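Since the model is a prediction, treat every value here as computed from it, not as a measurement. Counting from 1, the numbers follow the sequence of the chain as shown.
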Amino acid sequence: MANIKYLTKSKRNPCSLYVRFYKGRDFDITSNTGYLIDPKYWSLKQQRITTGASSSFDASFINPQLVLLKEYIINSFNENYAQGGVFNKNWLDGVVAKFNNRPKDELSNHEIYFVPFVQRHIEQSRTRVNPNSGKLISPRTIQKYETTLTRLKEFQDHERIVLKIWDIDLSFHRAFLSFLKTEGNYGGTTISKYLDQIKSFCREAKTIGLKVSPEFEHRSFTARRDKPIDVHLNEKEIGLIFKANFSENMRLKNVRQLMLIGLWTGLRISDLKRIHDYSFTENRIQIVDSYKTGGYINIPIHSHIKAVIDENNGELPRVISDAKFNLYVKEICKEVGIDQVVMGSKMNPETNRKEKGYFPKYELISSHTCRRSFATNLYGKLPNQTIMAITNHKSEQQFIKYIKTTQDEHVAKLQKYWDENS
């Protein structure tokens, strides 16, 4: 028969209170509970601090904790027994430490403290498979994890605290949001992404049975995102790029061709860089495995793409890095005269933050402009589901985010509708 008893080993005041867990001849193990009491007021028979204890030893706190610890040891025993576990002093020390939310050793810090938990999660993610895509977690996702981890460390240093996993609550949310806004000068969208990432870490901790605060799931645990000011290239501007002749500049000629493929396929830059892996037939581009979603895509070949392939005698353009692509497409748009001043967001190299303002349009063009332009130019001309089948968006909400029709273009569409129906 199993028994749990509390006992003292000294008559000095204060002294440590121990817990003894024994079961016949199977085991007899003892561990320090970590609580300090006055042995004068400890009742071995009643297994509690008596009511005559001095105020320096709070019986109203310790006595209920001893009842809970006893239940916790029994539950841990049953769980470990069912898994074929071994019962020894090391096991009991670990159970008591976990009950008291105290890491038994450096290796168990990740069960108590948030930053070590996130660090461990990141390391495990390097070899973890995403169950939705069947692929390893992408390096870009790992990079996002690490960036959020850096912000958490900065917050701890600034506040001079060490976050426990269950500290991620609405109080943390308010303090962290204020820190990012005032100390980091981050925008609402960036802050929202950091909070979303932290919530995903908390969900992982909850999934594996660690103690978390339920407040991380509260609807207020978020930040309002900035309304994005993204540009797109309309069909007239794409026509300027198509008609441009860069035969004397092989660098821009190659990027122009890549750009046109992106503008008429809606491919992400990660997929555009893999065009040599795809099957190009006379009328279709077949992508078996999209880099981000893992989905199958079948895209009709636009006449501009056919012209690009003909220019290269049947060969596809050479792929380049993201950084070079983003730099060169701005140069191309400037050369063809896409230089009207428009409202947009642009990175300030001095502050390393995006700032809203009015800039020549070519300065706001990037690799993602291609995908955004593809969706925007077709929007309203084809059913959304038809466009989404090409862009591989999983929801209409995600798809609508890409639509960047300007106010003037909306007005022109309305005027055209009135003219046609007057």
Side-chain angles (χ1 to χ4, degrees), residues 1-121 124 161-168 204-213:
M1 181 176 179
N3 285 283
I4 297 177
K5 298 289 184 182
Y6 294 106
L7 65 147
T8 60
K9 295 184 179 182
S10 171
K11 293 185 178 181
R12 291 182 178 182
N13 181 27
C15 72
S16 295
L17 184 65
Y18 291 81
V19 59
R20 179 189 174 201
F21 184 31
Y22 55 98
K23 183 174 182 287
R25 296 181 179 180
D26 293 342
F27 57 81
D28 189 343
I29 48 184
T30 303
S31 178
N32 191 334
T33 65
Y35 298 120
L36 296 175
I37 65 169
D38 184 344
K40 179 181 177 180
Y41 297 102
W42 173 253
S43 172
L44 184 64
K45 181 178 180 180
Q46 297 179 31
Q47 288 285 285
R48 64 196 301 273
I49 300 173
T50 60
T51 54
S54 64
S55 59
S56 58
F57 299 96
D58 190 355
S60 64
F61 169 75
I62 295 179
N63 284 339
Q65 289 295 105
L66 298 180
V67 174
L68 294 174
L69 175 57
K70 186 174 181 179
E71 294 175 355
Y72 190 79
I73 292 173
I74 293 172
N75 290 333
S76 298
F77 167 80
N78 289 334
E79 182 179 346
N80 199 42
Y81 183 84
Q83 296 175 355
V86 176
F87 301 96
N88 52 31
K89 187 179 186 315
N90 189 55
W91 170 81
L92 185 58
D93 286 346
V95 171
V96 173
K98 193 170 183 179
F99 172 80
N100 287 318
N101 297 317
R102 310 294 301 180
K104 190 182 66 153
D105 50 46
E106 187 177 349
L107 294 178
S108 61
N109 277 348
H110 66 272
E111 296 181 348
I112 307 296
Y113 298 109
F114 195 54
V115 165
F117 170 78
V118 173
Q119 288 172 323
R120 186 171 185 265
H121 180 70
Q124 291 179 334
I161 60 173
V162 178
L163 290 167
K164 296 183 177 68
I165 295 174
W166 54 89
D167 287 337
I168 309 303
E204 177 64 20
K206 181 181 178 181
T207 298
I208 63 177
L210 299 182
K211 180 182 176 182
V212 299
S213 169

Contact summary for Asp93 and Ser31, nearest pair of heavy atoms: OD1-OG, 2.6 Å
Looking only at heavy atoms, which two atoms of Thr33 and Asn100 are closest? And how far apart? O-ND2, 3.0 Å
4.5 Å side-chain heavy-atom contact, Lys23 and Phe77: yes
What are the two closest non-hydrogen atoms of Ser10 and Pro39, and how far apart are they? O-CB, 3.8 Å
Sub-3.5 Å donor-acceptor pair from the side chain of Asn80 to the main-chain atoms of Ser76, do we have one? no
Looking at CD1 of Ile62 and CH2 of Trp42, how far apart are the two atoms once the value is rounded to the nearest 0.5 Å? 9.0 Å
All heavy atoms of Ile29 vs all of Trp91, minimum pair found to be CD1-CE3, 4.0 Å
Identify the two heavy atoms, one from Tyr6 and one from Leu69, that lie closest to each other, and give their separation to 0.1 Å. OH-CB, 3.5 Å
Check for a donor-acceptor pair, side chain of Asn63 on one end and backbone N or O of Ile49 on the other, with a separation under 3.5 Å. yes
Gln65: which residues meet the side chain to side chain donor-acceptor pair (under 3.5 Å) condition with it, sequence neighbours left out? Tyr35
Measuring from atom CD1 of Ile4 to atom CD of Gln47, what distance do you get when rounded to the nearest 0.5 angstrom? 10.0 Å
Counting C-beta onward and ignoring hydrogens, is there a side-chain heavy-atom pair between Ile73 and Leu92 closer than 4.5 Å? yes
Using side-chain heavy atoms (C-beta onward) and a distance below 4.5 Å, is Val118 in contact with Tyr113? no
Kindly compute the distance separating CD (Glu111) from NZ (Lys98), expressed to the nearest 0.5 Å. 4.5 Å
How long is the straight-line distance from CG of Leu44 back to NZ of Lys5, given to the nearest 0.5 Å? 7.5 Å
Kindly give the heavy-atom pair with the smallest separation between Ala205 and Val212, and that separation in Å. CB-CG1, 3.8 Å
Apply side chain to side chain contact (heavy atoms under 4.5 Å, CB included) to residues Phe114 and Asp167 and explain how you reach the verdict. CA-CA 8 Å; Phe114 195 54; Asp167 287 337; over 6 Å; no
Pairwise distance CZ(Phe99) to CG(Leu68) - rounded to 0.5 angstrom: 5.0 Å
To the nearest 0.5 Å, what is the distance between CZ on Phe27 and NZ on Lys89? 14.5 Å
What side-chain donor-acceptor pairs closer than 3.5 Å can you find for residues 14-22, not counting sequence neighbours?
from	atom 1	to	atom 2	distance (Å)
Arg20	NE	Asp28	OD1	3.0
Arg20	NE	Asp28	OD2	3.4
Arg20	NH2	Asp28	OD2	2.8

